[in-house]
Number of protein chains: 2
Amino acid sequence: MLGKPNRDRVAERRSATRSEILAAAWDAARECGLANLTLREVADRVGMRPPSLYSHFDSKNALYDAMFGQAWSECLAVMTECVRNLPDTPRGVLRSLAATFFDFCVEDLARFQLMNQRIVIDFEPSADSYAPAVETLDLFRNTLAELGIRDQQDVDLCVALTGGLIDAQLANDPGGDRWRRLLDRAVDMFAENVGL
Amino acid sequence: MLGKPNRDRVAERRSATRSEILAAAWDAARECGLANLTLREVADRVGMRPPSLYSHFDSKNALYDAMFGQAWSECLAVMTECVRNLPDTPRGVLRSLAATFFDFCVEDLARFQLMNQRIVIDFEPSADSYAPAVETLDLFRNTLAELGIRDQQDVDLCVALTGGLIDAQLANDPGGDRWRRLLDRAVDMFAENVGL
DNA sequence: GTCTATACACCGATAGAC
DNA sequence: GTCTATCGGTGTATAGAC
């Protein structure tokens, strides 16, 4: 009897094409703005006609969904790596967490908008794509808990503080570091406030 | 000789129609989302056909521009009123400023997005519409300066902190008060940090 | 799996009658 | 100042040949 080959070359190629489309979508989103992403633009970049994309993604929102999942998976990976070698002091831990998240967010505006803002109104992430986002937040919460920060309000304040600096940086000084330079000070201010 | 009447009824009516269109645009923006605002929707609400709007606004972006100016004028009025009767203590002043701005922003998501986020990409506010925004920021800066807060970095931190709470409130708990309740604490934390 | 062709629904904006 | 009619464009998505 003929056995199945242990590599499925068709599936591999299909997966590669999917990744290629995804990468093109990110390029287009960065260039034209996330909300102005069009299937025409994506198709052009991968050398296809727009309808051909439907062989790989059911709809435009399905494409957004894959991008959303990818973005948060990347974030989870970065934050996991960050948590793997944290400094000794509690403030050092907070600084490291905040800096890693800040830098990741500021690195790519389109990605940040898709992850954290509701700039694409018709789009709701699927449970699968949302999973790495939840996992990232859990990782963050657990790390704070190990420092003794368990109060919901404390976590909320920390999130708002970091998010505010990121927003201000992206909105008022994109590419610069005017708010990035305030990050350590802000973290220390928070640490002081929660008695660390 | 015939003198000019001291009331120009034509101009009055024209101005009233303009205001009516503007109000309808805000209603539509709140309902459909700011980015999804269409001239058809606005025209429907004022009982006109879409082309008729062009007798009052040169383009869709001109409509956005008028809305932008109106939003910041309202904000300036609210903040001016706030500054007119401030409490005695420095921390009270900070709390009052932050609370007034927070509540104003959270009150209307569409207005907040037009004022503070770049959700409509093709739109750049004109100098005239931008003026009340600058004036509001000046008012804020001057009030902080009277408390002894003159360092650019201190002002930036205060702005980012307040903005972060507003963003978190609107994004994660719209209509609620989960982050609103943290405002006084956040302000005190900031005051402590700048030695007030 | 990719193509051509096209359907279908929108949009902003203009021309010209009244 | 408002209307009708329409232009020229955008976009997502589907049908069917290859």
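Since this is a predicted model, take the numbers as computed values, not measurements. Values below: every heavy atom of this structure, side chains too, minus hydrogens, waters and symmetry copies. A note on names: the letters A, B, ... follow the listed sequences, proteins ahead of strands, and every chain is numbered from 1.
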Exercise. Taking only N and O in the side chain of S52(A), is any of them less than 4.0 Å away from OP1 or OP2 of dC3(C)?
Worked result: yes
Exercise. Quick check: are there more than 12 heavy atoms from other residues, nucleotides or ligands sitting under 6.0 Å from CG of D58(A)?
Worked result: no
For this session: Could you tell me the separation between the OH atom of Y64(B) and the C1' atom of dA13(C), rounded to a whole number of Å?
Result: 15 Å
Problem set entry | Atom pair distance, as rounded to whole Å: CD in E41(B) and C1' in dG12(C) | 15 Å
Problem set entry | Distance-minimising heavy-atom pair for A191(A) and L94(A) | CB-CD1, 4.0 Å
Seminar exercise, completed: In short, salt bridge (charged side-chain N to carboxylate O under 4.0 Å, His left out) pairs touching residues 16-36 of chain A with sequence neighbours left out are D27(A)-R30(A), R30(A)-D108(A), E31(A)-R45(A)
Problem set entry | Interatomic distance, H56(B) NE2 vs dG12(C) C1' [rounded to whole Å] | 17 Å
Exercise. Going by atom types only, do E135(A) and W72(A) share a side-chain donor-acceptor pair under 3.5 Å?
Worked result: no
Problem set entry | Interatomic distance where CE belongs to M48(B) and P belongs to dG1(D) [whole Å] | 9 Å
For this session: Can you tell me the distance, in whole Å, between the CD1 atom of I121(B) and the P atom of dC11(C)?
Result: 16 Å
Exercise. With D156(A), which residues qualify under side-chain contact (heavy atoms from CB on, under 4.5 Å), at least two apart?
Worked result: Q152(A), R178(B), W179(B), L182(B)
Exercise. Counting N and O atoms only, with roles assigned by atom type, does the side chain of S52(A) sit under 3.5 Å from a partner on the main chain of M48(A), one being a donor and the other an acceptor?
Worked result: no
For this session: Assign the ring pair Y130(A) / F68(A) to parallel, tilted or perpendicular, where the plane angle (0 to 90°) is split at 30° and 60°.
Result: parallel
For this session: Using atom CG of L63(B) as one end and atom P of dA13(C) as the other, report the distance to the nearest whole Å.
Result: 10 Å
Problem set entry | Carboxylate-amine/guanidinium proximity below 4.0 Å for D188(B) and R95(B) | yes
List, one per line, each side-chain donor-acceptor pair under 3.5 Å for residues 110-120 of chain A, sequence neighbours excluded.
| from | atom 1 | to | atom 2 | distance (Å) |
| --- | --- | --- | --- | --- |
| R111(A) | NH1 | E74(A) | OE1 | 2.8 |
| R111(A) | NH2 | F104(A) | O | 2.7 |
| R111(A) | NH2 | E107(A) | OE1 | 3.0 |
| Q117(A) | NE2 | D167(A) | OD1 | 3.4 |

Exercise. Between R185(A) and D154(B), does at least one N-O distance fall below 4.0 Å, as a salt bridge requires?
Worked result: yes
Exercise. Of all of residues 20-35 of chain A, which get a heavy atom below 4.0 angstrom from DNA chain D, listed by number?
Worked result: none
Exercise. Going by number, which of residues 6-15 of chain B have a non-hydrogen atom under 4.0 Å from DNA chain C?
Worked result: none
For this session: Could you encode protein contacts along nucleotides 11-18 of chain D as a string, one character per nucleotide from 5' to 3', using B for base contact, S for sugar-phosphate-only contact and - for no contact, with a heavy-atom cut-off of under 4.0 Å?
Result: BBBB----
Exercise. Does CG belonging to N85(B) count more than 12 external heavy atoms closer than 6.0 Å?
Worked result: yes
